[in-house]
Amino acid sequence: MNTANINGKWALVTGASRGIGRQVSLALADRGCNVILHSRDSSHTEALAKEITDKGVEVMQVSAELAKPEAVEAMVQTLLVSGRSIDIVYNNAAIMTPYRSEWTVVPGDDLRLSFEVNVTALMRICHAFLPGMIERGWGRIINVTSGIADQPELIAYAVSKAAVDKFVMDTAPKLAGTGVMMNLLDPGWLRTDLGGPNAPGAVESVIPGALVPCLLDDGTSGKLYRAQDYVDSVI
Ligand SMILES: NC(=O)c1ccc[n+]([C@@H]2O[C@H](COP(=O)([O-])OP(=O)(O)OC[C@H]3O[C@@H](n4cnc5c(N)ncnc54)[C@H](OP(=O)(O)O)[C@@H]3O)[C@@H](O)[C@H]2O)c1
C-alpha cells in the first residue's frame with residue numbers, strides 16, 4: 001500500500017474524548033501527526049491531551065456541542081483563525097438516540113437531534129476545511145458511518161448515517177484531481193458507550209483500519225473502508 005507521510009500534519013478528530021475517536025487520536029499521534037481533540041467540554045480531553053503530548057506531537061483541545069449550529073460555527077472559526085492548516089478531518093462524533101420499541105412513531109426530536117449532530121455539523125465541518133485543503137493540494141476527510149441494518153428501532157440514527165453516506169458519494173467526484181480525498185469509515189460494532197457492552201469487538205480493533213483512509217495516497221474519494229477488514233494487517 002502506498003502510504004502518505006502524516007508526520008507534522010494537523011488532524012481534527014471530533015468526539016476524541018472516548019471510544020473510537022480516542023483510539024484514532026492516539027494512532028494519529030503515533031504517526032507523528034499533531035491532533036486537535038474535540039469533545040463537548042475540554043475537560044473531557046484533558047487526560048488524553050497529556051497522553052498525546054507525551055508522544056512528542058502538538059495538541060489543541062476544542063469544544064462544541066454539535067447539536068448547536070452556533071457552537072459548531074464558533075469552533076470552526078476558532079480553528080480557521082488559529083494559524084494551523086487542518087490537513088485531516090476525522091468526523092467521528094455522533095449520537096444514537098434511544099432504542100424505540102414503539103418504532104412506528106419516531107419522536108421528532110430523535111430525528112432532529114440525529115441530523116443536527118450526525119449530519120448537519122459534519123457537513124459544516126467538511127465545508128469549512130475543504131477550501132483550504134484544496135488550495136494546499138492535500139487533505140483527507142474521513143466521515144464515520146455505520147453498518148447498521150434492519151433495525152427500525154434505531155431508525156433516526158440509521159437514516160442519519162445514510163445521509164452521511166450520500167453526502168460523501170455526491171461530493172467525491174468533485175474532489176478528483178485536487179489531492180483531497182473524502183471517504184467513509186465503518187468501524188464495526190465495538191464496545192464503546194455508543195456500541196454498548198454486547199458488541200463483539202474491542203474498541204482497539206478499530207486500529208489500524210481507521211487509519212487506512214488517512215494514509216492511502218491513491219487519490220480516490222467516495223469509498224467505504226471497513227476497519228475490521230484490517231484487523232491483522234500491518235499498515
Ligand atoms: N461503537 C460502535 O459499535 C459503532 C458502530 C458503528 C459506527 N459507530 C460510529 O463511530 C463513531 C464513534 O462512536 P463511539 O462508539 O466511539 O461513540 P462514543 O464512545 O459514544 O463517543 C462519542 C464521542 O462523541 C462526542 N459526542 C457525543 N455527543 C456529542 C454532541 N452532541 N456534540 C459533540 N460531541 C459529541 C463525545 O464527546 P463527550 O466526551 O463530550 O461526550 C465522545 O467523544 C460514531 O460516528 C458512531 O456512529 C460506532
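The first residue of the sequence shown is numbered 1, and numbering continues consecutively from there. When a ligand or atom number is given, it counts from 1 through the structure's own listing order.
What sits closest to atom 48 (C) of ligand 1 on the protein, heavy atoms only, is I20 CD1, 3.7 Å. Protein heavy atom nearest atom 4 (C) of ligand 1, with residue, atom name and distance: G188 O, 3.7 Å. The shortest contact between atom 44 (C) of ligand 1 and any protein heavy atom is with N92 O, 3.0 Å. Nearest to atom 14 (P) of ligand 1 among the protein's heavy atoms is T192 OG1, 3.6 Å. Considering only non-hydrogen protein atoms, atom 32 (N) of ligand 1 sits nearest to L66 N, 2.9 Å. In this structure, the protein non-hydrogen atom closest to atom 46 (C) of ligand 1 is Y157 OH, 3.5 Å. Looking at atom 18 (P) of ligand 1, its nearest protein heavy atom turns out to be R18 NH1, 3.6 Å. Closest to atom 37 (O) of ligand 1, if we only count protein heavy atoms, is S17 OG, 3.3 Å.
The distance from ligand 1 to the heavy atoms of A93 drops below 4.0 Å at these ligand atoms: 24 (O). The atoms of ligand 1 that sit less than 4.0 Å from any heavy atom of A64 are 32 (N), 33 (C). Within ligand 1, counting atoms from 1 as listed, the ones closer than 4.0 Å to a heavy atom of A16 are 43 (O). Every atom of ligand 1 with a heavy atom of G15 under 4.0 Å away is listed here by number and element: 23 (C), 24 (O), 25 (C), 42 (C), 43 (O). The contact set between ligand 1 and A94, taken as ligand atoms under 4.0 Å from a residue heavy atom, comprises 27 (C), 44 (C), 45 (O), 47 (O). Residue H44 approaches ligand 1 through these ligand atoms, each under 4.0 Å from one of its heavy atoms: 38 (P), 39 (O), 40 (O). Close contacts of ligand 1 with W189, meaning ligand atoms under 4.0 Å from a residue heavy atom, involve 3 (O). Atoms of ligand 1 found under 4.0 Å from any heavy atom of G195 (numbered from 1 in listed order, with element): 1 (N), 2 (C), 3 (O).
For G21, no nitrogen or oxygen atom sits less than 3.5 Å from a nitrogen or oxygen atom of ligand 1, counting backbone and side chain alike. Annotation: L190 places an N or O atom under 3.5 Å from an N or O atom of ligand 1; distance criterion only. The shortest N or O to N or O distance between D186 and ligand 1 is not under 3.5 Å. For E65, a nitrogen or oxygen atom sits less than 3.5 Å from a nitrogen or oxygen atom of ligand 1, counting backbone and side chain alike.
Considering only heavy atoms from C-beta on, R40 stays 4.5 Å or farther from S63 through its side chain. Using a 4.5 Å heavy-atom cutoff, the side chains of V76 and R124 are in contact. In this structure the side chain of T14 never reaches within 4.5 angstrom of the side chain of V144, judged on heavy atoms.
Ligand 1 has no atom lying under 4.0 Å from any heavy atom of G147. Using a 4.0 Å heavy-atom cutoff, R22 is absent from the residues neighbouring ligand 1. Residue-ligand proximity: A121 is placed with every non-hydrogen atom at 4.0 Å or more from ligand 1.
Using a 4.0 Å cut-off between heavy atoms, K161 contacts ligand 1 through its side chain alone, with no backbone atom that close. Only the backbone of T145 comes within contact range of ligand 1, with a heavy atom under 4.0 Å; no side-chain atom does. If you look at H38 next to ligand 1, the close heavy atoms, those under 4.0 Å, all belong to the side chain. Of the heavy atoms in I95, only side-chain atoms (C-beta onward) come closer than 4.0 Å to ligand 1. With a 4.0 Å cut-off on non-hydrogen atoms, S63 does not touch ligand 1 at all. Within the 4.0 Å heavy-atom criterion, both parts of R40, backbone and side chain, lie near ligand 1. Proximity of P187 to ligand 1, defined as any heavy-atom pair under 4.0 Å, is confined to the side chain (atoms from C-beta onward).
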Show the numbers, then the answer: is there a salt bridge (charged side-chain N to carboxylate O under 4.0 Å, His left out) between K161 and D186?
CA-CA 10 Å; K161 291 298 187 180; D186 173 7; over 6 Å; no
Stepwise salt bridge (charged side-chain N to carboxylate O under 4.0 Å, His left out) test for K55 and D30:
CA-CA 7 Å; K55 291 177 184 286; D30 284 337; 2.7 Å; yes
R22 vs E51, test: salt bridge (charged side-chain N to carboxylate O under 4.0 Å, His left out). Steps then yes/no.
CA-CA 11 Å; R22 183 174 184 282; E51 198 176 336; 2.9 Å; yes
Report the C-alpha separation of D165 and T145 in whole Å, then their side-chain angles, then the decisive distance to 0.1 Å, and conclude whether the side-chain hydrogen bond (donor to acceptor under 3.5 Å, both in side chains) test is met.
CA-CA 7 Å; D165 296 351; T145 185; 2.7 Å; yes
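Considering each of T45, V144, V72, the one bringing a non-hydrogen atom nearest atom 9 (C) of ligand 1 is V144.
Going from atom CG of N5 over to atom CZ of R31 covers 10.0 Å, rounded to the nearest 0.5 Å. Rounded to the nearest 0.5 angstrom, N91 CG and L185 CG are separated by 12.0 Å.
Counting non-hydrogen atoms of other residues, nucleotides and ligands closer than 6.0 Å to CZ of R136 gives a total above 12. With a 6.0 Å radius and a threshold of 12 heavy atoms from other residues, nucleotides or ligands, E153 has its CD atom above the threshold. For E70, the CD atom sits in a packed shell: over 12 heavy atoms of surrounding residues, nucleotides or ligands are nearer than 6.0 Å.
T78 places a side-chain N or O within donor-acceptor distance of the main-chain N or O of A74, the cut-off being under 3.5 Å. S233 places no side-chain N or O within donor-acceptor distance of the main-chain N or O of I235, the cut-off being under 3.5 Å.
R191 forms no cation-pi arrangement with W189, by the criterion of a distance under 6.0 Å to the ring centre and an angle within 45° of the ring axis.
F167 and H127 have perpendicular rings, their planes meeting at more than 60° on a 0 to 90° scale where under 30° would count as parallel.
The heavy-atom pair separating A16 from L48 by the smallest distance is O-CD2, 3.2 Å.
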